[in-house]
Structures are given as structure tokens and as C-alpha cells.
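Beneath this line is the structure, given in C-alpha cells, with notes to follow.
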Amino acid sequence: MSRITHLVRPNIAALTPYSTARDEYVGHIGIFLDANESPYTNGFNRYPDPHQAALKAKIAPIKGIPADNLFLGNGSDEAIDLVFRIFCVPGKDNAVIMTPSYGMYGVAAAINDIAVRSVQLDRDFALDTEKLLAACDNNTKVMFLCSPNNPSGNAFSREQLLDICDRFKGILVVDEAYIDFSEKGSLVTEATKRDNLIILQTMSKARAMAGLRIGLAISSLEIIRLMSMVKYPYNLSKAAMEKAMSFMCKSIDDEVHTIIYERKRLNSILPRYPFVKRVFASDANFILIRVDDADALYSYLLKKGIIVRNRSRITGCEGCLRLTIGLPAENDSLLNALDNYKI
């Protein structure tokens, strides 16, 4: 018996997954009279591959993992929701998350009627392992850690994350949406070796496919099997998969290098402004800054046609704005606007 078998909701463990018409044959068929589709060809009259085999075969070697350890979802948000639905009994179990962090962990928990235990990061957004583990009890089934973290931008060390994984008795989810911009390195290969670790990644950030809504989960064969059982049959459209296949042929090295260079450039310039009180170190494609009056600066930039994210109402981010790294010319426009800002 697997170490995680007891963590799976009983109704999920007993579930017979939906079988699509395309699951019931193997080979090449010429006439499709099985799925009640329109016979009139327009490129999209047939259902997409429910297993996304071609796209997984394209992504897996890039990530350095077997395709069988890969789940593709409608954004990372689908995978987050599936974790709650697979492992947490509504009204009974709970999840531990750090705060401030990505807001969808808490929203997905609330939708699934799962209690959340929040552990506040310190003033520098460092993670206290002992405090995190102390928040757990016998009903803590999952833990979400975002690294690099959103909105703070900092990444946690591999050693700390793996230590937490080894000591936590539930399912650890490490969200690596911004990992392409970090020097800390990914844990994807560790996820194929450990039975209680799920790594989330996305096509939305470094690979510039936010509009296609494709998220990745990398984990053990057992967890990927469970996620594939519970997901909706055709969760990725044919159009999204075909477009992603074409984009995956293109290297993103230059774009990532430019974003990291621009992040470092902004990081060196922003502290010069008297109204900027702190620039937090970032491993992501954004920078969090603390300023004198976040609301006033946000409104000023909006009037200049520049929209940033006001995070000042989040505990731990008081007075903070989050600045996404744009194209060099866009970053120049931001700096020019800041040059002319009067408190």
C-alpha cells in the first residue's frame, strides 16, 4: 500500500472515472460514429485528445521528466482545485498555506469547504519551517508553498523545501509558476521520486501563453493517475493544445534573459527614489516595493497609463506595490513616470 493511500478521500479512491468514446479503442479509425460529434469538418468538429499525449510528449523532455509524471490542466488553478477535491474531505480536513501568497489557494479551499491555517511569513518574507509544521494537525492533508513566492518574489532553498516535504505527513504542493526566472532551481525531478510532492508550473509566465490557460503538475505516477481520474474529460481545447505545440518549438532563453536583466536594472534604480522605502529581492518576473503612499502612487501611475498591482491591503505587504517586468521600453516609461512623481 502506498504511503499516501490513506490521504485520498474515500469516495475518490472508489471512483470509476468517466470513460470517453476515444478511450474505448486503440489504433487509427477512418469513420467516427461513436461520440455524437458533427461529421462536418472544420478543424474543430472532433473532441480533443483527453490525455493530451502529443503535447505531453513535447513538454516532458524539456522538463526532464517522463510524460507519465505530467498532468496538464486548464491553468494551474485546475490542479490546485483537484488537490483539494482528491485529498480533502469537505468540512473536516484542513490545509496549511503561507501568507502572503497566491490568493487562489485560499479561494479554492473555500469553494471546497476546506479550512485554511495560515502561517505568516516574517518581515523579509522568510519561511519558518517549525512554525509551518506546528500549524498542522491530524486533519491537515495538504500544504501549499509558492516558490518563488507571489507577491513577495523570493524563492526558498531546495534544502528547506525538501526538509518540509520529508517531515510533513500530507501532500506538499510547491508552486513554481515563476521558476524560470530563479537561480534556485526547480524540484521537478524530486517530484518523480517522492510520493507526497506535487510541483506546479505554468505556460503563462516565461512561455508567454497566459491566454491559452495551460498549467502543469509534476508528481508521482499515483498522484498523476488520481488527477487524471478526477479532471473533466476534455479539460484542454484542441486549439490551445495546437497553439502550445507550435510555441514549444521556440526557445525562450533570450526573453527570460532580458526579463532577468531588466529586473536587475530596475532593482538597482528604484531605491534611488525618496518615496521608495524598500525594494525586495526577487527571483520572479516582478518586483515588490514598499513606498510612502501606495494608493497615491498607484493612482498616479494609472493616470500615466501604467497599471501595477496594489498589494498594500495584504497583511505583510502594507504600503507595497508589485511591478511586473515589462519590455525595456515599458520599463523606461515606468521610470520616466517615477522621475516626475511628486509626493
Side-chain angles (χ1 to χ4, degrees), residues 62 98 100-102 121-127 145-161 174-188 200-210 250-292 294 297-298 300-302 304-312 314 316-341:
I62 294 174
M98 62 187 195
S101 195
Y102 182 41
L121 300 176
D122 72 13
R123 289 174 57 86
D124 296 319
F125 301 115
L127 182 63
L145 301 178
C146 188
S147 179
N149 187 37
N150 176 16
S152 57
N154 59 314
F156 308 110
S157 72
R158 291 172 55 88
E159 292 75 18
Q160 182 179 25
L161 293 173
V174 178
D175 190 341
E176 294 187 342
Y178 302 96
I179 197 65
D180 295 284
F181 309 103
S182 174
E183 297 179 354
K184 291 291 199 301
S186 172
L187 294 178
V188 290
L200 301 183
Q201 293 191 0
T202 181
M203 304 288 228
S204 297
K205 310 301 180 184
R207 291 209 165 262
M209 301 186 206
K250 179 180 178 294
S251 171
I252 60 170
D253 291 348
D254 289 345
E255 287 86 347
V256 170
H257 176 79
T258 297
I259 289 172
I260 292 174
Y261 177 85
E262 287 293 299
R263 182 185 72 198
K264 292 178 179 178
R265 181 169 76 97
L266 290 182
N267 195 68
S268 67
I269 295 174
L270 289 169
R272 302 175 190 173
Y273 296 104
F275 50 85
V276 175
K277 299 307 176 186
R278 183 165 182 184
V279 178
F280 291 93
S282 175
D283 280 282
N285 67 335
F286 58 84
I287 297 175
L288 189 73
I289 62 172
R290 179 164 282 131
V291 298
D292 278 331
L297 182 54
Y298 175 84
Y300 166 78
L301 290 174
L302 204 58
K304 294 291 184 179
I306 301 170
I307 184 167
V308 298
R309 195 77 188 270
N310 191 342
R311 302 279 76 187
S312 61
I314 298 175
C317 293
E318 292 83 359
C320 289
L321 298 179
R322 192 189 71 193
L323 315 176
T324 302
I325 307 302
L327 296 170
E330 293 174 321
N331 300 328
D332 288 341
S333 294
L334 169 66
L335 294 172
N336 182 63
L338 295 177
D339 286 341
N340 295 288
Y341 178 62

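Atoms considered below: every heavy atom in the structure, side chains included; atoms not considered: hydrogens, waters and symmetry mates. For reference, positions follow the sequence shown, starting with 1.
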State, to 0.1 Å, how close [X] and [Y] come at their nearest heavy-atom pair, and which atoms those are.
X: M98; Y: F156; result: CE-CE1, 3.5 Å
X: L121; Y: P100; result: CD1-O, 3.8 Å
X: K264; Y: E183; result: NZ-OE2, 4.3 Å
X: D180; Y: I260; result: O-CD1, 4.4 Å
X: A337; Y: L301; result: CB-CD2, 3.9 Å
X: F275; Y: L338; result: CZ-O, 3.8 Å

Partners of [X] by side-chain hydrogen bond (donor to acceptor under 3.5 Å, both in side chains), sequence neighbours excluded?
X: S152; result: N149, N154
X: D254; result: none
X: S186; result: E176, Q201

Flag, side chain of [X] to backbone of [Y], donor-acceptor distance under 3.5 Å:
X: R263; Y: A284; value: yes
X: E330; Y: P328; value: no
X: D124; Y: A126; value: no
X: R290; Y: E318; value: yes

Test item: N336 and D332 side chains (from C-beta on) under 4.5 Å apart, heavy atoms = no
Test item: Y273 and D339 side chains (from C-beta on) under 4.5 Å apart, heavy atoms = yes
ask   = What class does the angle between the rings of Y341 and Y300 fall in, given that below 30° is parallel, 30 to 60° is tilted and above 60° is perpendicular?
value = tilted
